[in-house]
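So the structure is just underneath, and the comments pick up after that.
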There are 2 protein chains.
Amino acid sequence: MAKNIKPRKDDYNQWYIDVIKAAQLADYSPVKGCMVIRPEGYAIWEAIQRDLDRRFKETGHVNAYFPLLIPTSFLAKEAEHVEGFAMECAVVTHSRLEKSDKPGVLKPAAPLEEPLVIRPTSETMFGHMYAQWIQSYRDLPLLINQWCNVMRWEMRTRLFLRTAEFLWQEGHTAHETAEEAEAETRRMLGVYADFAEQVLAIPVVKGRKTDSEKFPGADVTYCIEALMQDGKALQAGTSHNLGQNFSKAFDIKFLGRDQKQQHVWTTSWGLSTRMIGATIMAHGDDEGLVLPPKVAPTVAAIVPIFKSPEERAKVRAFIDRIVTALVGHDAVAAAANRAKGDDVESYFFDRLTHQRIAVDWRDTRPGDKQYFWEQRGVPFRLEVGPRDVDAGAFVFKERLDRGKSTVQIGEVCAPWLRAKLDQMHAALFDRAKKFRDENTRDAATYDQMKEILQKQGGFVRAWFTPSRENETRIKDQTKATVRCIPFDQPGGRGKDIFTGQESDTQVLFAVAY
Amino acid sequence: MAKNIKPRKDDYNQWYIDVIKAAQLADYSPVKGCMVIRPEGYAIWEAIQRDLDRRFKETGHVNAYFPLLIPTSFLAKEAEHVEGFAMECAVVTHSRLEKSDKPGVLKPAAPLEEPLVIRPTSETMFGHMYAQWIQSYRDLPLLINQWCNVMRWEMRTRLFLRTAEFLWQEGHTAHETAEEAEAETRRMLGVYADFAEQVLAIPVVKGRKTDSEKFPGADVTYCIEALMQDGKALQAGTSHNLGQNFSKAFDIKFLGRDQKQQHVWTTSWGLSTRMIGATIMAHGDDEGLVLPPKVAPTVAAIVPIFKSPEERAKVRAFIDRIVTALVGHDAVAAAANRAKGDDVESYFFDRLTHQRIAVDWRDTRPGDKQYFWEQRGVPFRLEVGPRDVDAGAFVFKERLDRGKSTVQIGEVCAPWLRAKLDQMHAALFDRAKKFRDENTRDAATYDQMKEILQKQGGFVRAWFTPSRENETRIKDQTKATVRCIPFDQPGGRGKDIFTGQESDTQVLFAVAY
């Protein structure tokens, strides 16, 4: 058992922090609430970006970049929005620093006429620009996404899950009709769900938020919800149908096919670095990180074992054969990371995704190297010692379930490794889905629900007619919220778990991150 | 001649603004000094990122993300740095807004203990974190880059060239020895130069900045300098050897191979969205944007010509053959942009770079469509009318030099278009290089230099021993600065253009953006 990682059952929160630290994914920064995403963590984000960006483009979207700073007056324009976002944001009030009386201490100078806020989200800025760019139905739909940083002042922070600054993408679209906006909102939720399941191997429930949980300024918010191993839910992506709320607040009008001026219908949808937190919590184990193969920066690490220079040479020649079989001769010649010298060699396994194969020549014990790559969640480790070379084989260690087998060198090629990665993805998804299904329970009464939440956690499925008041009471009593009204409804009616009255809506309750 | 674009000779500044507007590359935002990079402009940045990022990774670098906000005390730690950056920055002083007495007006609340600045550059934040991450020579070199937004308060702004907020990448590396840091600084300058020439087709001069022009906090700054069509120079990328200045300010120490504690040697290097401005100014003409093929979001636009539904059907069938020949049958089936319906169809020509081929079915005149794609700088336009179909050919229009020829359908395939794109790149580079060479003049005396600068502009090559005092005088009198001390020196000695004394240094003077 890993000494630097607390077991999940003892302290799940500490386990989470330990895993991040052991895998060097992120660090707290000197600025309260802001994190540093370290290279190992950022590479996961790059993989997420690469895949999602392709999906956005294939559904007709383009990227752009809108300003970081937003006039405070913009936030005030949409009534619900201002309540949701103006109250916790970083405010820029000055445009200069000057030296103060105290040596080494700088103080703000040159106050701005109107304070600016660092964007907590950009509906208002997109709204302002869309009003200028859209004139006619010919300009619609307008389908723009941006990858950027946003900021929401948070007091209680948690790496990846809740930080003042985080990275995300925010899509903002404008449409001619309500129907098209609704279709777009659902299309992008579908993109998120496919992405979560096919790339991160995280099973998700698609559904609608209740009014009390929806985005401030939206008519409807759809979401994907995932279940973490401690039985808490995590909202993994949201897609909002904003109706005409923002187009009216920002006067985004177009000349319709009927030659009449009308307001556009807008949507927005976002997914953030929070997904890295979800990935850690959905798949990690007591040995550390377990990465879904499609976002693992290193897909396989090769650990040589030798005692003498002769053994080293022998092992090296064999490892060269393995690497050549996996990445091709040219790629070996153009190793990705020569600057690191002989320490950890790295080779591009896939030049499109930048995923790599590492060979660990560092001057430490093979056991330490095994731990190192295991804790970083690398899907496979290949161990090669002199006796393996004699047998023309190597030891193949799988991160998931810690499987171990012997593989003959003749079997090795890129498709072989790809197939292994696909198998791991499927196994990871199945394991997470089995866990989710086993931890989704029906409750017929409020007492039953309370008991489930207290003893087992997980999702509780129940009949419930959403109401702001009752949701608040339930949250106060159980900490649980309605995670979503699943698209997948059984039909018919049942007894509302809270009021006892008849309800036609089934919801998923859970305590959430 | 384009009616919406001022000719360069009449008003180069207005021409620049008109080109950006006509091509929809960017807009001013409601926040003073901040721009909106529109999809057409952002796609160029994405192409720049994709190519540079690959070059960084192939030279052993990894990406990470550091916080947007920096404590003011950090800026004060490095003496030169604070003078250079603290004085023009956005200062965050509050973490909340609250409603004021005036309806709809929000005011800052919850003042921060220590004001924070939006990063103007991140040497200080990297320095702080590197001090924690680096313990031993085994942790070196540390080679991290980040893609992000930065902010420097600017009063006189110009889209892409000088804006308060801009996008860039900043590499920050730490090394064991001064020699390694110097090698890294020069290596990354080489990466920038190759990129500028091979991707943007902009010829650059590699050189060193004088002390008065170097980065505040650097021992040495290297740069690549390009010449714009109005005879002004533009600094296109910089690479700094920071020596031990930041490692001492932030106490970044390591245990050396000699078992002694010592300070690391650091570098930093950056390239920004300014390069988009450079690309516009280096290649654009009086008809609008001319894009280097390697960063053109759309590499070819097909314009159909027809009068009747029968002609439309005939032309469409032929265009389908062209598109299939260029992108393959599968790609046609999975058109990149179905959401736009029948207006402008777009197909991925290259799935790796996301570059597209467009077919313009909009309901406007063919002439307007020609203008539209021409002003956006699309390398090639293909015009197809009924008579072309009968002849089994189409009209091929080249953006550069407005060449026009007839191409038989049988010739068309992806390698054919790739070859055409490569030819255009070479021609674009040659044209820019010829212009640069013709506008690089030797001056033996200060009077000669003044005359060249006044009458012709461009680079002036002269013997000159850099000194802060003399450079200031020359700038006051001529607006010209030393752009760089080129790596390529003739050797020997000559008469200093300003003092008349002997000098062993030849420099390039120019008025710069």
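In what follows, chains carry the letters A, B, and so on, assigned in the order in which the sequence lines appear, proteins first and then strands, with residues in each chain numbered from 1.
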* With side chain to side chain contact (heavy atoms under 4.5 Å, CB included) as the test, would you mind laying out the steps for A:Glu58 and B:Phe348 before giving the verdict? => CA-CA 9 Å; A:Glu58 285 177 357; B:Phe348 285 122; 4.3 Å; yes
* Asked: Hey, are the side chains of B:Arg356 and A:Lys57 touching, using non-hydrogen atoms and a 4.5 Å cut-off?
  -> yes
* **chain A contact via B:Leu69 - which portion, at a heavy-atom distance below 4.5 Å** => both
* To do: Nearest 0.5 Å please: distance from the OG atom of A:Ser95 over to the CD1 atom of B:Ile118.
  => 11.5 Å
* Asked: Does the pair B:Arg38 and A:Tyr65 meet the rule for a side chain to side chain contact (heavy atoms under 4.5 Å, CB included), with working shown?
  -> CA-CA 7 Å; B:Arg38 300 186 69 171; A:Tyr65 186 77; over 6 Å; no
* **B:Trp147 CH2 to A:Trp147 CH2 distance, which is reported to the nearest 0.5 Å** => 15.5 Å
* Could you tell me which of B:Thr72, B:Leu167, B:Val117, B:Leu352 has the largest number of non-hydrogen atom pairs under 4.5 Å with chain A? => B:Leu167
* Asked: Using non-hydrogen atoms only, which part of B:Arg152 is less than 4.5 Å away from chain A: side chain, backbone, both, or neither?
  -> neither
* Tell me, side chain or backbone of B:Asp53 under 4.5 Å from chain A's heavy atoms, or both, or neither? -> side chain
* Contact class of B:Met125 relative to chain A, heavy atoms under 4.5 angstrom -> side chain
* Student check: side-chain heavy atoms of A:Pro30 and B:Phe74 closer than 4.5 Å -> yes
* Structure fact -> Counting heavy-atom pairs under 4.5 Å with chain A, the top scorer among B:Glu88, B:Glu180, B:His128 is B:His128
* Asked: Passes side chain to side chain contact (heavy atoms under 4.5 Å, CB included), B:Leu112 versus A:Trp153? Steps please.
  -> CA-CA 11 Å; B:Leu112 299 177; A:Trp153 217 266; 3.6 Å; yes
* **Contacting moiety of B:Tyr28, where chain A heavy atoms sit under 4.5 Å** => backbone
* Would you indicate whether the side-chain heavy atoms of B:Val82 and A:Leu106 approach each other to under 4.5 Å? => yes
* Largest heavy-atom contact set with chain A, pairs under 4.5 Å, which of B:Pro108, B:Ala109, B:Cys34 -> B:Pro108
* Using a 4.5 Å cut-off on heavy atoms from C-beta on, say whether the side chain of B:Cys89 contacts that of A:His94. => no
* To do: Just give me the residue among B:Ala76, B:Ser73, B:Gly41 that pairs up with chain A most often, heavy atom to heavy atom, under 4.5 Å.
  => B:Ala76
* If we only count heavy atoms from C-beta on, is the B:Asn149 to A:Asn149 side-chain gap below 4.5 Å? -> yes
* In terms of side-chain geometry, is the basic nitrogen of B:Lys32 or A:Glu113 positioned less than 4.0 Å from the acidic oxygen of its partner? -> no
* Structure fact -> d(B:Arg54 CZ, A:His354 NE2) to nearest 0.5 Å is 8.5 Å
* Does a side-chain N-to-carboxylate-O contact under 4.0 Å join B:Lys107 and A:Glu114? -> no
* Asked: Which bit of B:Pro115 is near chain A, if near means a heavy-atom gap under 4.5 Å: side chain, backbone, both or neither?
  -> side chain
* Structure fact -> Turns out that what part of B:Val105 lies under 4.5 Å from chain A's heavy atoms comes down to neither
* **Among the listed options A:Val36, A:Leu97, A:Val31, the residue most often paired with chain B at heavy-atom distances under 4.5 Å** => A:Leu97
* Do the side chain of A:Glu165 and the main chain of B:Leu68 share a donor and acceptor less than 3.5 angstrom apart? -> yes
* Any side-chain donor near an acceptor of the partner, A:Asn63 and B:Glu46, under 3.5 Å -> yes
* Contact summary for B:Ala64 and A:Ile37, nearest pair of heavy atoms -> CB-O, 3.2 Å
* Asked: Does the side chain of A:Asp27 reach to within under 4.5 Å of the side chain of B:Trp133, using non-hydrogen atoms?
  -> yes
* Residue, of A:Met129, A:Glu98, A:Lys77, that accumulates the most heavy atom pairs under 4.5 Å with chain B -> A:Met129
